Amino acid sequence: MKKFNEWLAVRATLIFGSMYTTYLFFLYGFAPVLFPNLMDKLLYWSNTVQLWSLPLLMVGQNVIGRASEKRAQETHDAVIEELAMVKEELKLARDERQDIKIVLKDVHHNTKGVKC
């Protein structure tokens with residue numbers, strides 16, 4: 001049941017967050033101008049929509065936020081793992097560079113008196 005509730009909340013949040021819904025509510029705002037005798041009923045329905053949609057949208061945002069946080073944590077963990085591998089490779093490269101310096105120093109020392 002929880003999965004269904006979360007699915008419904010996310011779906012409603014995505015639908016309410018669309019431009020189509022914005023256009024629909026924009027047109028709904030003109031209904032009292034076109035039908036002034038229905039003003040009370042239109043006000044009632046708009047209040048009813050607000051009463052059930054606001055909590056629904058809050059739940060949808062929370063679910064979407066949790067999913068976003070989970071993706072961010074997975075990305076962070078992957079980056080930290082890659083960083084550890086890069087640090088290890090950097091240490092190996094530094095060790096190899098140090099070994100090369102020692103070898104070159106020995107070669108330079110051994111070839112000091114040799115003339116070409």
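Predicted model, so just to flag it, every value in this text is computed and none were measured.
Through chains of ILVMFWY side-chain contacts below 4.5 Å, Leu8 is grouped with Phe4, Trp7. Hydrophobic cluster membership for Leu14: Val10, Val59, Val63, Ile64 (Ile, Leu, Val, Met, Phe, Trp, Tyr linked by side-chain heavy atoms under 4.5 Å, directly or transitively). Membership of the apolar cluster around Val107 extends to Val103, as traced through chained side-chain contacts below 4.5 Å between ILVMFWY residues. Membership of the apolar cluster around Leu57 extends to Phe16, Phe25, Val49, Trp52, Leu56, as traced through chained side-chain contacts below 4.5 Å between ILVMFWY residues.
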Show every donor-acceptor pair shorter than 3.5 Å between a side-chain atom in residues 28-46 and any protein atom, with sequence neighbours excluded, or say none if there are none.
unit_1, atom_1, unit_2, atom_2, d
Tyr28, OH, Leu42, O, 2.7
Ser46, OG, Leu42, O, 3.4
Ser46, OG, Leu43, O, 2.9

Kindly list each side-chain donor-acceptor pair under 3.5 angstrom involving residues 66-94, sequence neighbours excluded, with atom names and distances?
unit_1, atom_1, unit_2, atom_2, d
Arg66, NH2, Glu6, OE2, 2.6
Gln73, NE2, Asp77, OD1, 2.9
Thr75, OG1, Arg71, O, 2.9
Lys91, NZ, Asp95, OD2, 3.1

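When atom types are taken as modelled, the side chain of Thr13 and the backbone of Ala9 share a donor-acceptor pair closer than 3.5 angstrom.
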